[in-house]
Q: 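Structure provided below as structure tokens; questions to follow.
In what follows, chains are A, B, ... by sequence order, proteins preceding strands, each numbered from 1.
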Amino acid sequence: VSAGRGTVYVVDDEPSVRKSLARLLRAAGHDVEVFASAQEFLDRPESKEIACLVLDIQMPERSGLELQEALAGAETTLPIVFITGHADVPTSVRAMKAGAMDFLSKPFDEKDLLSAIERSLEKVRGGVEERTAEREAKKRLATLTPREHEVLMHVLAGELNKQIAAALGASEKTIKVHRGRVMQKMQVKSVADLVRLCEKAGIQLA
Amino acid sequence: MTRVATMGELTASLAHEINQPLTANLSNAQAAQRLLAAGDGHIEEIRDILADIAADDQRAGEVIRRMRNLLRKGESKPAELDVNEVVDEVAGLVGGEMILQNVTLGLDLSANLHRVHGDRVQLQQVLLNLLMNALDAMKDTPGGSRKVVVRTTVVGPRSVEVSVQDAGGGVPSERAEEIFEPFVTTKPHGMGLGLAICRSIIQAHGGRIGSRKNADRGVTFWFTLPTMDEAKS
């Protein structure tokens, strides 16, 4: 099993389980941070961008499900792999409905845990890539002048230079220059790429 | 009868208690396999892992040993006992059940207890029964307030008291005496035998059993046992 870099948070009130999981996950190539309670986890000083949570359900004070609820309000989602020493159907259904990645009964085999973690980290990486692409697209869009932006909207509507020129009361040649600048600033070679990039930047296409 | 019912309730708890060391052992063993496969030494860490596996294995064995003791059939075998030890053993059995029900278990054990003469298993059953009652009583108590405290104290020169304080709905004061009678219960599906059996066990030990209302909420059930020696006080 190959493991990519990423941080795995382990929250379990049982010291021997925490310690053994940390060893296993480190041996499998992950960075690991362990916490003895939900509160300790919530109080952690910093959050890693690529991370997932291995969370025990039954803990004194605040249960794993309560922590899941508390995290549901956060802006970036942290995938959760639940582990439990006492799996009952209603609890697992509740956890999965609330978006858990997996639900493992103790004791579990490393391959089940590691594959659930891998899927979790993969999901986070996908999300991070998407957000990075969105930021980049918006950044490029912001470099357009108001006039170029106007031309862009017409291009996105599928209009020819001649139609755009008529609509904006400019010469076809000027529109051609504007269109060239738009393609250059947006760093795309085709209208198809331009449309995809503008979608990423959040422009609503008609 | 009560013994079997209680064991049924405890099964989930015991599975939890045994699953913890099993989980740690499997993860530890698989971590060690990975370290060995990776080569380049790691001898120190593998040594630590093996020590932890041995300790967790003994812990699982201990849970099973306690359960066996509790289920052991046979006649009463009175012996010299440390009451705190009895409390610790029962606490070890119900710890998982407490977590499952989101209850905090506090132990407040006196260091000055004299030993008593009694049947370890019977006394464990009494305490277990009182603890299970405490859990039942707190079903409607809000999560954060669910707390049980087991206390041992010296009361008088020749007696110790063991008490179980809950934060449940309480017992109406007019029923405080009769709940120790057979077939009297405040639970919807209770048989009303638990406390009656507790009382007969405690009386056979020469002790007394009763309950008192807590100042804030809930009830404290207590029993006393005569000690073998007179306390120095």
Side-chain angles (χ1 to χ4, degrees), chain A residues 1-3 8 10 12-30 32 34 36-39 54-67 69-70 81-91 104-115 117, chain B residues 9-40 42 44-60 63 95-106 142-148:
Chain A
V1 185
S2 76
V8 182
V10 175
D12 196 310
D13 61 310
E14 183 61 42
S16 63
V17 172
R18 277 202 305 279
K19 196 169 166 193
S20 63
L21 287 182
R23 277 180 183 139
L24 176 63
L25 296 175
R26 283 192 187 115
H30 294 288
V32 183
V34 297
S37 70
Q39 197 53 48
V54 173
L55 178 58
D56 186 28
I57 297 255
Q58 289 96 13
M59 293 187 288
E61 312 287 332
R62 209 167 195 175
S63 77
L65 289 178
E66 285 168 314
L67 178 59
E69 273 169 29
V81 177
F82 279 108
I83 54 177
T84 174
H86 174 71
D88 63 274
V89 175
T91 307
L104 306 174
S105 290
K106 291 178 182 177
F108 40 78
D109 191 79
E110 61 169 11
K111 69 176 193 304
D112 296 322
L113 178 67
L114 293 174
S115 85
I117 286 173
Chain B
E9 289 167 31
L10 272 180
T11 323
S13 172
L14 291 170
H16 185 90
E17 292 292 319
I18 294 171
N19 264 334
Q20 303 295 356
L22 280 179
T23 305
N25 278 355
L26 184 54
S27 296
N28 270 325
Q30 292 184 320
Q33 284 173 333
R34 279 174 178 271
L35 292 174
L36 286 172
D40 43 88
H42 299 296
E44 276 309 311
E45 188 167 7
I46 292 170
R47 188 175 294 150
D48 288 348
I49 288 176
L50 290 175
D52 283 353
I53 289 177
D56 275 322
D57 198 275
Q58 277 163 354
R59 198 178 121 200
V63 173
E97 185 66 26
M98 296 278 170
I99 290 172
L100 290 179
Q101 300 202 20
N102 198 13
V103 171
T104 316
L105 175 63
S145 312
R146 291 188 195 173
K147 189 171 163 83
V148 178

Q: Among the options B:Val103, B:Leu35, B:Leu26, B:Thr104, pick out the one with the most heavy-atom pairs lying under 4.5 Å from chain A.
A: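 Of the options given, most contacts go to B:Leu26.
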
Q: So how far is it from B:Asp56 CG to A:Lys19 NZ, rounded to the nearest 0.5 Å?
A: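 Answer rounded to 0.5 Å: 9.0 Å.
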
Q: Under 4.5 Å, counting heavy-atom pairs only, tell me which of A:Asp56, A:Leu24, A:Thr84, A:Ile57 racks up the most with chain B.
A: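 Highest number of heavy-atom pairs under 4.5 Å: A:Leu24.
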
Q: Atom OG in A:Ser20, atom CD1 in B:Ile49: separation rounded to 0.5 Å?
A: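 Reported to 0.5 Å precision, the distance equals 9.0 Å.
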
Q: So what's closer than 4.5 Å to chain B heavy atoms on A:Ser16: side chain, backbone, both or neither?
A: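 Its backbone and side chain both get close to chain B.
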
Q: Is B:Arg146 close to chain A through its backbone or its side chain, or both, or neither, when contacts mean heavy atoms under 4.5 Å?
A: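 It is neither, since no heavy atom gets under 4.5 Å.
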
Q: Give, as side chain, backbone, both or neither, the part of B:Ile53 having an atom under 4.5 angstrom from any heavy atom of chain A.
A: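 Neither part; nothing is under 4.5 Å.
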
Q: Report which part of B:Asn25 has an atom under 4.5 Å of a heavy atom belonging to chain A: side chain, backbone, both, or neither.
A: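 No part of it gets close to chain A.
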
Q: Can you see which heavy atom on A:Ala27 is nearest to which on B:Arg34, and at what distance?
A: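 What the structure gives for the nearest pair is CB-CB, 3.8 Å.
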
Q: Could you check whether any side-chain heavy atom of A:Glu14 comes within less than 4.5 Å of a side-chain heavy atom of B:Thr23, counting everything from C-beta outward?
A: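 Side-chain contact under 4.5 Å: no.
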
Q: So for A:Asp109, is it side chain, backbone, both, or neither that comes closer than 4.5 Å to the heavy atoms of chain B?
A: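 Contact with chain B is through both the backbone and side chain of A:Asp109.
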
Q: Taking all non-hydrogen atoms of both residues, which atom of A:Arg23 and which atom of B:Asn28 are closest, and how far apart?
A: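 Between these two residues, the closest heavy atoms are NH1-OD1, 2.7 Å.
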
Q: Would a 4.5 Å heavy-atom cut-off, applied to side chains only, mark B:Leu22 and A:Lys106 as touching?
A: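 No. Closest side-chain heavy atoms not under 4.5 Å.
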
Q: So how far is it from A:Gln58 CD to B:Asn19 CG, rounded to the nearest 0.5 Å?
A: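 Rounded to the nearest 0.5 Å, the CD-CG separation comes out at 10.0 Å.
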
Q: Output the distance between atom CD (B:Gln30) and atom CG (A:Leu25), rounded to the nearest 0.5 Å.
A: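 That separation rounds to 11.0 Å.
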
